[in-house]
Q: 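The structure's right below; bear with me while I get my questions together.
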Protein chains: 2
Amino acid sequence: MSETLEQSLARAAPDLPPALRAAIAARSRRVRVGDGYRLFGPGDRSENFLIPLSGTVRVEHMGPGGRSVVLYRVAVGESCVMTTSCLLSGADYAAYGYAEGDVEALALPARAFRDLVEQDPAFRSLALGVFSQRIIELVDVIDELLLHRVDLRLAGWLVERGGGEATIGITHQAIAAELGTAREVVSRILKEFERRGWVGLNRGEIRLLDPDALGRFAANR
Amino acid sequence: MSETLEQSLARAAPDLPPALRAAIAARSRRVRVGDGYRLFGPGDRSENFLIPLSGTVRVEHMGPGGRSVVLYRVAVGESCVMTTSCLLSGADYAAYGYAEGDVEALALPARAFRDLVEQDPAFRSLALGVFSQRIIELVDVIDELLLHRVDLRLAGWLVERGGGEATIGITHQAIAAELGTAREVVSRILKEFERRGWVGLNRGEIRLLDPDALGRFAANR
DNA sequence: TGCGCGATGGTGACCAGGTCACAGACCGGC
DNA sequence: GCCGGTCTGTGACCTGGTCACCATCGCGCA
């Protein structure tokens, strides 16, 4: 891959103005990590504005008891603002970022971020848009946690995550982290779904036998 | 009160550069509402960037079942970004804003907000800072909700809210909304605190008899 | 003054979900 | 084929949320 940063960015974020892509590429470095790699976490001081070129970044919060929730995902061409936020507000990180799939990303240093905000109107609206988006997503997470009824949420999550595919490869523990609940709860509910014939269970995988029934069940919320 | 908007803003936000204060004041209108007034809510289309001059604005999220949580408070000189966020990201409101105390505020229309972001570096950093701050606060709320142990959280909340005062005037229902739990739960726990001699209860008020004990209890988290 | 009504608080019964403890199943490497 | 770690299943138990209902208070008003 002898592609320049700018070319990579053009593929990942074709909507950005070319001048902005050039400006970002000029001050970023390329980061490549494998599936599951921890890109950032509490205590790190590597304040970068991350822009995935391939793969996504899962941003999780971990509470004191070790339980965690997925706050949001950073898709290709979007950007993660957690680190930037903490930098700007002076607070410490409250989140971990993990690679999902092999991730290639641009890392724009905090200094360059500030400069671009000053100089480039398109970058400003990009940054503000991303911040807004994250705020909305966080409120959605809060809504989910308040609403609970884990069985309904799990059913909905399965259908959404399945996205037409017949099988989902994931552990119960990982699902628990997605939903902000405990592993045992996920196991119990999945077992119940299996009894009803909605899913088939194997180690590390879930077969969706009746996505429609799951969808209807989830819609009872 | 024949004070100009600019003078009011100078009192509320003395740290802002005078030129920025003038620019904000020039395009804002003054809003005055009484305690408890609903400043915004889902479905409204009055996109304003609110800057309280006196009183604070409580931003609450309400879930489908009618249960609510306080997301954050906007203090004097700060600003609420919920409406702005929704505007920028195209999503619908997920929150209500209520006046706490008699609130006087500047309302800066969305259009003016965008213009100021473009033109004024100080306003840009103000806006980005506020967004960052809110993100951190939302993650804190998520942390609290995950951690639960409502009795510990309630004890901590009482001490913090009391702030040295001997009495807090508030209903159990309102406390439940603060913590994102149910009224009955608050009543039960407060009753237990009363049995232990930590608080005294009267309709609409809570006397803190032993804040130290409450503090120690909360610290067990 | 006393009546009525809405807001507030108290309580018991019950269910959902989280925690703890532990066992069994599976999987890869040696 | 054995052994370790990882993943899953399950029962016992506790906390918290929901529901139903009543008691009490404050206040306006006949």
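Since the model is a prediction, treat every value here as computed from it, not as a measurement. Proteins come first, then strands; the chains are lettered A, B, ... in the order of their sequence lines, and each starts at number 1.
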Q: Please state whether the phosphate of C:dA7, meaning OP1 or OP2, lies under 4.0 angstrom from any side-chain nitrogen or oxygen of B:H172.
A: no
Q: For residues 202-209 of chain A, which residues have at least one heavy atom under 4.0 Å from DNA chain D?
A: A:R203, A:G204
Q: To the nearest angstrom, how far is A:Q173 atom CD from D:dT8 atom C1'?
A: 11 Å
Q: Taking all heavy atoms of B:D35 and all of B:D102, pick out the closest pair and write down the distance.
A: N-OD1, 3.1 Å
Q: Check whether A:Y96 forms a cation-pi arrangement with A:R38 (NZ or CZ under 6.0 Å from the six-membered ring centre, at most 45° off the ring normal).
A: no
Q: For the pair made of CG in A:L190 and P in D:dC7, what is the distance, rounded to whole Å?
A: 15 Å
Q: Show every donor-acceptor pair shorter than 3.5 Å between a side-chain atom in residues 162-172 of chain A and any protein atom, with sequence neighbours excluded, or say none if there are none.
A:
residue: A:T171; atom: OG1; partner: A:A174; partner atom: N; Å: 3.1
residue: A:H172; atom: ND1; partner: A:S187; partner atom: OG; Å: 2.9

Q: If you compare all heavy atoms of A:V141 against all heavy atoms of A:L71, which two are closest, and at what distance to 0.1 Å?
A: CG2-O, 3.5 Å
Q: Could you tell me which residues satisfy salt bridge (charged side-chain N to carboxylate O under 4.0 Å, His left out) with B:E194, sequence neighbours excluded, listed by chain and number?
A: B:K191
Q: For the pair made of CD in A:E192 and P in C:dA16, what is the distance, rounded to whole Å?
A: 11 Å
Q: Indicate for each nucleotide in nucleotides 10-18 of chain D, in 5' to 3' sequence, whether protein heavy atoms under 4.0 Å reach the base (B), only the sugar-phosphate (S), or nothing (-).
A: BBB---SBB
Q: For A:R183, give me all partners under salt bridge (charged side-chain N to carboxylate O under 4.0 Å, His left out), at least two apart in sequence or on another chain.
A: none
Q: How are the rings of A:F217 and A:W198 set to each other: parallel, tilted or perpendicular (split at 30° and 60°)?
A: tilted
Q: Suppose we screen for salt bridge (charged side-chain N to carboxylate O under 4.0 Å, His left out). Which residues come up paired with A:R196, at least two apart in sequence or across chains?
A: A:E192
Q: Whole Å only: how far is the CD1 atom of A:I175 from the C1' atom of D:dC7?
A: 12 Å
